[in-house]
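The structure appears right after this line, and notes come after that.
The basis for the numbers below is simple: all heavy atoms, side chains too, and nothing from hydrogens, waters or symmetry mates. Convention: sequence-line order gives letters A, B, ...; per-chain numbering from 1.
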Amino acid sequence: MTVRTRFAPSPTGFLHIGGARTALFSWAYAKKNGGQFILRIEDTDLERSTPEAVQAILDGMQWLGLDYDEGPFYQMQRMETYKKMLQTMLDAGTAYYCYSSKEELEALRESQMQQGLKPRYDGKWRPESGKTLPAIPVDISPVVRFRNPQTGVVAWDDLVKGRIEIANAELDDLIIARADGTPTYNFCVVVDDFEMGITQVIRGDDHVNNTPRQINMLKALGATVPQYAHLSMILGGDGQKLSKRHGAVSVMQYHEDGYLREAVLNYLSRLGWSHGDAEVFNMQQFCEWFDLDHITPSAAQFNTEKLNWLNAHYIKEANIDVLALDIATRLTKLNVEVSLQPKLQDVLALYRERTNNLNQLASEVAYFYALPKANLADVEKHLTPEILPVIRTLSEKLGIIDWTAEAIHAEINAVVAENQLKFPKVAMPLRVMLTGNTQSPSIDQVMALLGQKLTLARLQKHLI
RNA sequence: GUCCCCAUCGUCUAGAGGCCUAGGACACCUCCCUUUCACGGAGGCGACCGGGGUUCGAAUCCCCGUGGGGACGCCA
């Protein structure tokens with residue numbers, strides 16, 4: 001049987017890091033096994049689903065390069081199918097109408113909680129042989145409930161967590177269609193996973209408790225039960241759960257914040273999954289290696305430091321033209337217009353090894369295209385009255401040489417020797433004057449790249 | 001409260017009874033390189049939650065604690 005996996009987010013917000021990892025693992029599992037990966041938008045919650053969120057999820061998937069073979073399917077467009085299935089179950093007696101009001105159920109829940117019981121439906125409207133159902137109230141439109149078995153156990157061999165068994169006695173008759181007739185999550189999932197022929201359901205840990213109910217419904221429908229793999233959650237850097245209020249961040253935010261998709265992908269791959277000592281690998285390699293056997297069942301904490309390290313690695317490895325395109329965009333956001341000279345690719349070649357972030361890289365190279373403003377403390381510290389004459393002499397000599405890093409280096413060396421100075425004594429003021437910074441690559445290389453004209457002009461400004 | 005899940009360095013993890021005086025990676029520290037800051041190179045610090053079993057032998061298996069997390073919606 002060919003492998004078919006799916007990613008089924010609800011469009012109530014952006015694609016966050018946990019969802020992205022779930023999608024990544026499902027995607028990789030399909031790729032690894034030559035199967036299909038399906039995207040399904042679970043938008044049956046009219047209250048909270050938004051088209052913006054749908055778009056945000058699609059954008060996130062695209063940025064990460066998680067392409068799907070089928071979909072996106074939208075559950076709201078599949079109502080006919082759900083209604084048909086609902087009727088089938090009603091006819092078969094595996095589902096029934098329930099006229100209990102919300103208030104009634106609320107009261108029930110409360111009293112059960114007080115008694116220290118697990119809150120659950122009391123089965124008031126559950127048809128039973130020999131049982132007389134209450135009179136149907138006229139003012140209540142009914143919900144539909146699944147008639148869950150009351151005895152025995154539901155068990156499955158979770159591909160991540162191992163065997164899990166739950167007594168049916170722990171389960172109650174869940175609502176599968178609301179009073180307005182729309183089906184609920186647990187029912188749609190079951191119908192879709194069944195009809196879409198999903199073979200492995202890879203999803204978040206928080207669905208473990210839904211699994212036994214879904215298995216029971218699948219069985220009631222006569223469907224083959226897929227395999228399940230429940231991924232543990234990703235905790236924030238502080239070890240706390242991620243939520244809208246606490247640290248949950250859109251994957252697109254990582255793009256904004258200067259991360260390369262390759263770094264995010266590689267990082268996410270290693271969160272909860274491993275392949276021996278392998279740390280750095282691309283997605284092709286990942287798809288070859290990926291398996292469910294090496295997923296950790298415990299929760300993982302997000303660690304920005306390691307992401308940064310991977311980001312540094314991928315910045316070094318990136319195709320220089322692709323990198324230049326990205327950095328040019330970021331420079332534009334900094335109101336810096338990239339000119340033809342010096343070539344951005346050359347600048348990046350000199351700078352890319354020194355950073356772990358694209359935004360940082362952009363701001364570090366900005367001075368090539370816009371006049372830098374050195375901070376006062378640096379100016380005072382390095383542009384001393386003693387050194388300025390030396391720089392002036394150097395500046396004059398620089399005006400008449402071949403503009404190569406070697407020649408520049410030789411000139412600096414010459415003045416350093418003449419004045420019996422140390423190299424940094426001259427290099428530092430040059431840095432401040434030319435880059436506005438006290439940190440840069442070799443100053444001779446910077447000057448070579450900046451060009452003779454710009455270099456002399458910037459020096460001149462400080463020598464007046 | 002009830003049910004379910006989890007537990008190796010600060011963090012991500014390797015580990016399927018002897019290969020473990022527990023390996024790798026990030027971070028941290030030291031040194032080297034050096035034209036500043038990085039990069040890079042070489043070292044270092046650092047963990048099997050506790051207690052009982054099982055076994056010749058347990059990080060690995062079992063039980064009990066403890067701690068953490070999840071679920072208990074006409075949300076997904």
Side-chain angles (χ1 to χ4, degrees), chain A residues 8-12 42-45 47-49 75 98 100-102 105-106 109 112-120 141-145 158 160-162 164-167 169-172 174-186 188-189 203-212 230 232-233 235 237 239 241 267 270-280 293-294 296-310 312 316 351-356 364 382 409 412-413 416 422-428 430-432 437-445:
Chain A
S10 64
T12 55
E42 311 219 322
D43 54 357
T44 53
D45 183 354
E47 308 268 308
R48 298 195 302 162
S49 298
Q75 290 187 323
C98 166
S100 294
S101 68
K102 283 188 183 180
L105 293 170
E106 188 54 44
R109 219 183 334 265
Q112 286 169 327
M113 288 284 252
Q114 270 176 3
Q115 293 173 58
L117 298 169
K118 188 172 187 165
R120 50 188 303 168
S141 28
V143 297
V144 178
R145 286 187 185 268
D158 197 277
V160 172
K161 294 178 182 292
I164 299 178
E165 290 185 12
I166 295 185
E170 290 294 329
L171 274 22
D172 65 353
L174 74 159
I175 292 169
I176 57 178
R178 302 177 179 94
D180 66 4
T182 57
T184 61
Y185 162 75
N186 271 295
C188 296
V189 168
R203 71 202 336 181
D205 212 335
D206 48 335
H207 289 288
V208 169
N209 292 274
N210 293 323
T211 307
H230 287 100
S232 286
M233 52 189 302
L235 272 20
K241 186 195 174 184
Y267 180 72
R270 280 288 288 106
L271 217 49
W273 176 84
S274 62
H275 184 78
D277 288 340
E279 294 287 350
V280 179
D293 301 338
H294 291 84
T296 332
S298 53
Q301 198 170 312
F302 194 91
N303 183 230
T304 306
E305 301 290 346
K306 191 156 179 184
L307 207 213
N308 288 343
W309 171 70
L310 281 166
K316 285 178 205 166
Y351 265 86
R352 64 182 342 185
E353 302 227 331
R354 318 164 47 78
T355 185
N356 57 23
E364 277 181 355
H382 297 288
H409 189 82
I412 298 174
N413 267 341
V416 162
K422 295 262 201 239
F423 197 99
K425 211 58 180 153
V426 175
M428 287 310 283
L430 287 174
R431 270 197 183 90
V432 172
N437 211 315
T438 52
Q439 298 153 19
S440 84
S442 298
I443 196 61
D444 43 21
Q445 292 196 51

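Closest to the side chain of Ala300(A), from the set rC3(B), rU13(B), rA76(B), is rU13(B). In this structure, of rC3(B), rC39(B), rU13(B), it is rC39(B) that holds the atom nearest to the side chain of Lys316(A). Of the candidates rU11(B), rG69(B), rC39(B), the closest approach to any side-chain atom of Asn303(A) belongs to rU11(B). In the set rC6(B), rC74(B), rA76(B), the nucleotide with an atom closest to the side chain of Asp45(A) is rA76(B). Distances from the side chain of Arg48(A) to the nucleotides rG23(B), rC72(B), rA76(B) place rA76(B) closest. Comparing rA14(B), rC74(B), rG23(B) by their closest approach to the side chain of Ser274(A) singles out rA14(B). Closest approach to the Lys118(A) side chain among rA76(B), rU36(B), rC3(B) is made by rC3(B) (side chain taken as heavy atoms from C-beta onward). Taking the side chain of Asn186(A) as heavy atoms from C-beta on, and the options rA76(B), rC6(B), rC3(B), the nearest nucleotide is rA76(B). With rC6(B), rG70(B), rA27(B) as the candidates, the nucleotide lying closest to the side chain of Glu305(A) is rA27(B). With rG69(B), rC4(B), rU36(B) as the choices, the nucleotide that has an atom nearest any side-chain atom of Met233(A) turns out to be rG69(B).
Among the atoms of the strands shown, base atoms are found under 4.0 Å from some heavy atom of Pro441(A). Within 4.0 Å (heavy atoms only), Ser100(A) reaches at least one base atom of the nucleic acid. Counting non-hydrogen atoms under 4.0 angstrom, Val143(A) reaches a base of the nucleic acid. At the heavy-atom level, Ser232(A) lies nowhere under 4.0 Å from the strands shown. Nucleic acid contact for Thr438(A): base, since at least one base atom lies under 4.0 Å from a heavy atom of the residue. In this structure, Pro119(A) reaches the bases: a heavy-atom distance under 4.0 Å links it to at least one base atom across the strands shown. If you check every strand for non-hydrogen atoms under 4.0 Å, Thr182(A) touches nothing. Note on Gly272(A): only backbone sugar-phosphate atoms sit closer than 4.0 angstrom, heavy atoms only; bases stay farther off. Heavy atoms of Asn210(A) sit under 4.0 angstrom from at least one base atom. Within 4.0 Å of Lys102(A), counting heavy atoms only, lies at least one base atom of the nucleic acid.
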Legend entry - Check against side chain to side chain contact (heavy atoms under 4.5 Å, CB included), Lys425(A) and Val416(A): CA-CA 8 Å; Lys425(A) 211 58 180 153; Val416(A) 162; over 6 Å; no
Inset, instruction - Could you go through the side-chain hydrogen bond (donor to acceptor under 3.5 Å, both in side chains) check for Asn186(A) and Thr184(A) one step at a time? - result: CA-CA 6 Å; Asn186(A) 271 295; Thr184(A) 61; 5.9 Å; no
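Here rA71(B) presents its P atom at 19 Å from CD of Gln112(A), a figure rounded to the nearest Å. Between the C1' atom of rA76(B) and the CD1 atom of Ile176(A) lies a distance of 16 Å, rounded to the nearest Å. Separating the CG atom of Asp158(A) from the P atom of rA71(B) is a distance of 16 Å, rounded to the nearest angstrom. If you measure from atom CG of Asp444(A) to atom C1' of rU34(B), you get 13 Å, rounded to the nearest angstrom. When the C1' atom of rG10(B) is taken as reference, atom NZ of Lys306(A) falls 13 Å away, rounded to whole Å. When rounded to the nearest whole Å, the span between CD of Glu170(A) and C1' of rG1(B) equals 12 Å. Put simply, CG on Leu235(A) is 16 Å from P on rG10(B), counting in whole angstrom units. Nucleotide rG73(B) holds its C1' atom 15 Å from the CG atom of Leu171(A), rounded to whole Å.
Spacing between rU34(B) and rG44(B) at atom P, rounded to whole Å, works out to 24 Å. Annotation: rC49(B) and rG23(B) have their P atoms spaced 16 Å apart (nearest Å). Between the C1' atoms of rG17(B) and rA22(B), the separation comes to 15 Å (whole Å). With both ends at atom C1', the span from rA47(B) to rG10(B) equals 10 Å, rounded to whole Å. Annotation: rG15(B) and rG65(B) have their P atoms spaced 30 Å apart (nearest Å). Nucleotides rU60(B) and rC19(B), compared at atom P, are 13 Å apart to the nearest Å. Taking the P atoms as reference points, rA16(B) lies 16 Å from rA58(B), given to the whole Å. Only the P atoms considered, rC64(B) is 13 Å distant from rC3(B), to the nearest whole Å.
With a 3.5 Å ceiling on both atom-pair distances, the Watson-Crick or G-U wobble partner of rC26(B) is rG10(B). The partner of rG65(B), taking Watson-Crick or G-U wobble pairs whose two distances both stay under 3.5 Å, is rC49(B). Across all strands shown, rA71(B) forms a Watson-Crick or G-U wobble pair with rU2(B), both key distances being under 3.5 Å. Pair assignment for rC20(B): none, as no Watson-Crick or G-U wobble contacts are both less than 3.5 Å.
In terms of modelled atom types and a separation under 3.5 Å, the side chain of Glu42(A) and the main chain of Pro9(A) share no donor-acceptor contact. At least one donor-acceptor pair closer than 3.5 Å links the side chain of Tyr267(A) to the backbone N or O of Asn303(A). Using modelled atom types, one side-chain atom of Asp158(A) and one backbone atom of His230(A) make a donor-acceptor pair closer than 3.5 Å.
For rU2(B), the base has no donor-acceptor partner in the side chain of Arg120(A) [N/O atoms by modelled type, under 3.5 angstrom].
Contact record, Val160(A) with Thr296(A): CG1-O, 4.2 Å, taken as the closest heavy-atom pair. Between Glu279(A) and Leu310(A), the shortest heavy-atom contact is O-CD2, 4.2 Å. In plain terms, the two heavy atoms of Ala299(A) and Leu235(A) that are nearest each other are CB-CD2, 4.0 Å.
Residue Arg109(A) places at least one side-chain N or O closer than 4.0 Å to OP1 or OP2 of rG73(B). Listed pair Ser442(A) / rU35(B) fails the phosphate criterion, with no side-chain N or O lying under 4.0 Å from OP1 or OP2. Under 4.0 angstrom from either OP1 or OP2 of rC6(B) there lies no side-chain N or O belonging to His230(A).
The residues Asp205(A) and Lys161(A) are annotated as salt-bridged, a charged nitrogen and a carboxylate oxygen being separated by less than 4.0 angstrom.
Taking the nucleotide of RNA chain B with the nearest heavy atom to each of Leu271(A) and Tyr185(A), the more 5' of the two is matched to Leu271(A). If Arg431(A) and Gln301(A) are placed on RNA chain B by their nearest nucleotide, the residue sitting closer to the 5' end is Gln301(A).
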